[in-house]
Amino acid sequence: MKRTHYCGELNERHEGERVLLQGWVNRRRDLGGLVFLDLRDRTGLVQVVVDPESPAFAAADRVRGEYVLVVEGAVRARPADQVNPELATGRVEVAAERIEVLNEAETPPFPVDASWRGEDDPAERVNEDLRLKYRYLDLRRKPMLDRLRLRHAVIKAIWDFLSDEGFVQVETPFLTRSTPEGARDFLVPSRLEPGKFYALPQSPQLFKQMLMIAGVDRYFQIARCFRDEDLRADRQPDFTQLDLEMSFVAQEDIWEVNERLVAHVFREALGVELPLPFPRMPYREALERYGSDKPDTRFGLELEPADALFAESDFNAFRGVLEDGGVVRGLRAPAELSRKQIAGLEEVARRYGAKGLAWVKVGGEGLTGGIAKFLDAGALRAWGARPGETVLFVADRWNTALEALGQVRLALADILGVERSGWNFLWVVDFPLLEWDSDLELWTYMHHPFTSPHPEDLPLLETDPGRVRAQAYDLVLNGTEVGGGSIRIHRRELQQKMFDVLGIPHKEAEEKFGFFLEALRYGAPPHGGIAWGLDRFLALMSGAASIREVIPFPKNQSGRDPLTGAPAPVSPEQLAELHLKIEE
RNA sequence: GGCCCCGUGGUGUAGUCGGUUAACACACCCGCCUGUCACGUGGGAGAUCGCGGGUUCGAGUCCCGUCGGGGCCGCCA
């Protein structure tokens, strides 16, 4: 006889039915003559009762937590005073007539049962490396299973929506060619060609562009990507993107499809309706108002220009910055901050490149503390400061000042306990095409070298490259970048010009991207697309603190997998076959 | 490469100013218990305090080093 029901679906409608359940023992309560077992499968728990007279009693007596059982018996209503309202199946129980132990189990190194009873889960506080080492046990916990299912629901919603919109899913290779731009590649040595290497893709970028040249027109892929860089709470060496690309489109077309896709995903997976369209905010505005190219717009505390306050002041540090072409920006904290809090915020500012954090408290009478003696109370009042506020200032180069103060803004929101709820999506648009690399002393791309400049700004490419806007955009959710894309260059001449501006010699471009430059010769259509960081997306959707919580088998911060022990040494024979020698 | 935080039974923690046998909760094992559902109750086992060195009459505690874990900066087109 096969399983007739899942544990969690039983209710009073099944009363009197004979059922066969299979699952794990979540919890065992032995009352001496009477044994209760909470049987668990992926749907939930149901209480199994074993009477001493039952033929199942001997088995129930030896059963322990996490044993795997077959339970056969009859569903019966619990007496009114024995109903457990905390349990979905709490109005019924299964009177066991037969219990078969399919497997025994050792006691897990950390508890996996609590979350299934809807209780505070002690496993949430267990050392994460231990959870990763026994991930198959960790994944038995309900919140982990819920996140696996959320991931499934989101990916299904993506497939459904994009299929209906005419997108074709295409798989691109894992073993490909190293393109030494951007992140460090993971390399795979070639056995057949000594000294040569495959690289794992950092993204399917060039393949999806070639699919556009092939005429696929609309492509998507749930694509695994690989980058050999240091890890973070929101970064793994292998991670998943939703990658998509469209032909004969402008930026707005891509935004529009993606907005509807996001809305569909939220509706299907979370039951949340998102208002469309998402706001669109130019990069410069995002920096000026929020000090970030991924602003958290769920709260105010916006930054404000404060150059005029210091242009004539005796505060030499700031006036000097202004005279050197820098800027001063201010942030009004609607509270009287303590010295300790200000010191903490200053540390944040310094970590992000500011020389310091100037501050002043606005009282009913006048200004106190910090740089009060350099400022005029009337002028500060006219600037917008209000009594009771602590005003914070940073002076530096434009982007340093804004980014540092933007980080101070986020830290301040934490200090003030600012309410941050909801789903604030927005498009950050009009990114600069290039940024100046002061170390290498040349212009470098901000997105990637295949990003199309804004047509209006093309003439600036040779005269004032820093002012050229790109047709590039990021999708931002609650202060996190969850996607980024661009309209690509589809004409070979312009692509060549980009390499020139970037200082990449023809020969080098030919070596690295020759195959792609050649593809551009054969009628490449205008095209563009986007890639979502699917793991970050899921982490935000599920309220997880790190993307490791939404990845079934992640690496720890050292890039190790405590479960498999990867990376691990290999045999000398394997090395020899690959023509590799390890340097001690 | 850099900054910060954390390593004590299986798990989570306590351990004061360096001082006797390292404490508590949960989990685990055994006994008792027929309506529990975080069952109850009685008993038991279980830690050389990540590792190495130093200071000291004496180190979980102080110092140095090292290893491991986490957060961040750099880096991540």
Side-chain angles (χ1 to χ4, degrees), chain A residues 26-38 45-54 57 64-66 78-87 89-90 93 95 106-134 137 179-185 202-203 205-206 225-237 239 347-348 350-353 403-404 407 411 431 433-435 437 439 444-451 470 472 481 484-486 498 502 504 512 531 533 545-546 548 556-558 560 562:
Chain A
N26 197 64
R27 198 86 184 179
R28 175 176 178 272
R29 292 178 294 281
D30 182 351
L31 275 62
L34 189 63
V35 174
F36 294 97
L37 301 174
D38 291 338
L45 304 178
V46 69
Q47 173 166 281
V48 175
V49 197
V50 194
D51 271 293
E53 297 76 38
S54 164
F57 192 78
R64 293 294 182 270
E66 300 308 311
R78 298 197 194 184
D81 60 336
Q82 298 294 336
V83 165
N84 182 350
E86 304 296 319
L87 219 54
T89 60
E93 63 191 7
E106 290 188 18
T107 304
F110 51 87
V112 299
D113 59 305
S115 57
W116 290 97
R117 299 190 300 264
E119 289 162 16
D120 175 56
D121 186 355
E124 297 283 341
R125 292 179 290 280
V126 167
N127 180 308
E128 196 183 353
D129 237 37
L130 189 70
R131 290 175 50 208
L132 292 182
K133 182 173 179 190
Y134 298 94
L137 297 178
T179 51
E181 301 296 318
R184 192 177 295 116
D185 282 319
Q202 296 180 27
S203 89
Q205 182 63 33
L206 294 181
C225 304
F226 306 86
R227 296 178 188 175
D228 188 7
E229 297 291 344
D230 288 355
L231 292 83
R232 288 281 199 289
D234 62 352
R235 273 193 237 158
Q236 284 274 303
F239 62 100
E347 198 189 313
V348 171
R350 286 182 188 278
R351 195 184 314 144
Y352 288 88
E403 279 169 23
Q407 293 294 334
F431 274 82
L433 182 70
L434 304 163
E435 62 186 346
D437 186 324
D439 291 338
T444 180
Y445 45 83
M446 201 151 170
H447 186 51
H448 59 54
F450 315 106
T451 303
E481 179 198 330
S486 63
M498 268 297 286
L502 294 169
I504 301 175
K512 289 177 181 171
S546 93
R548 295 187 296 271
N556 70 15
Q557 199 178 47
S558 310
R560 276 200 272 270

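Dashed line: the shortest gap from a side-chain N or O of Arg548(A) to OP1 or OP2 of rG71(B) is under 4.0 Å. Phosphate contact (OP1/OP2 of rG69(B), side-chain N/O of Asn556(A), threshold under 4.0 Å): present. For Ser558(A), no side-chain nitrogen or oxygen approaches OP1 or OP2 of rG68(B) to under 4.0 Å. Applying the 4.0 Å criterion to OP1 and OP2 of rU36(B), one finds that Gln82(A) has a side-chain N or O inside that range.
The residue Pro111(A) sits apart from the nucleic acid: no heavy atom pair falls under 4.0 Å. Within 4.0 Å of Gln205(A), counting heavy atoms only, lies at least one base atom of the nucleic acid. Nucleic acid contact for Arg560(A): sugar-phosphate only, since backbone atoms but no base atoms lie under 4.0 Å from a heavy atom of the residue. Within 4.0 Å (heavy atoms only), Asp81(A) reaches no atom of the nucleic acid at all. If you check every strand for non-hydrogen atoms under 4.0 Å, Thr451(A) touches nothing. Residue Asn127(A) is classed as a sugar-phosphate contact, given heavy-atom separations below 4.0 Å to backbone atoms only. Nucleic acid contact for Glu53(A): base, since at least one base atom lies under 4.0 Å from a heavy atom of the residue.
Ranking rG35(B), rG71(B), rC75(B) by closeness to the Arg235(A) side chain, first place goes to rC75(B). Listed nucleotides: rU34(B), rC37(B), rC75(B). Nearest to the side chain of Glu229(A): rC75(B). Considering only the side chain of Arg227(A), rC76(B) comes nearest among rC73(B), rC37(B), rC76(B). Taking the side chain of Ala233(A) as heavy atoms from C-beta on, and the options rU34(B), rG12(B), rG71(B), the nearest nucleotide is rG71(B). The side chain of Pro79(A) sits closest to rG35(B) out of rG35(B), rG69(B), rC37(B). The side chain of Val126(A) sits closest to rG12(B) out of rG12(B), rU36(B), rA38(B).
Considering only heavy atoms from C-beta on, Ser486(A) comes within 4.5 Å of His448(A) through its side chain.
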Nucleic acid footprint by protein, nucleotides 22-27 of chain B - heavy-atom cut-off 4.0 Å, B for base, S for sugar-phosphate alone: -----S

For nucleotides 1-8 of chain B, give me one character per nucleotide, 5' to 3': B if any protein heavy atom sits under 4.0 Å from the base, S if the only such contacts are to the sugar-phosphate, - if neither. B-------

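Pair assignment for rC24(B): rG12(B), on the basis of Watson-Crick or G-U wobble contacts that are both within less than 3.5 Å. In this structure, rC3(B) and rG71(B) make a Watson-Crick or G-U wobble pair, each of the two defining distances being under 3.5 angstrom. For rC49(B), there is no paired base (Watson-Crick or G-U wobble, both distances below 3.5 Å).
Salt-bridge annotation for Arg548(A) and Glu128(A): present, with a side-chain N of the basic residue lying under 4.0 Å from a carboxylate O of the acidic one.
The line from CG of Asn26(A) to OG of Ser115(A) is 7.5 Å long, rounded to the nearest 0.5 Å.
An aromatic stack links Phe36(A) and the base of rU36(B), using centre distance under 5.5 Å and interplanar angle under 30°.
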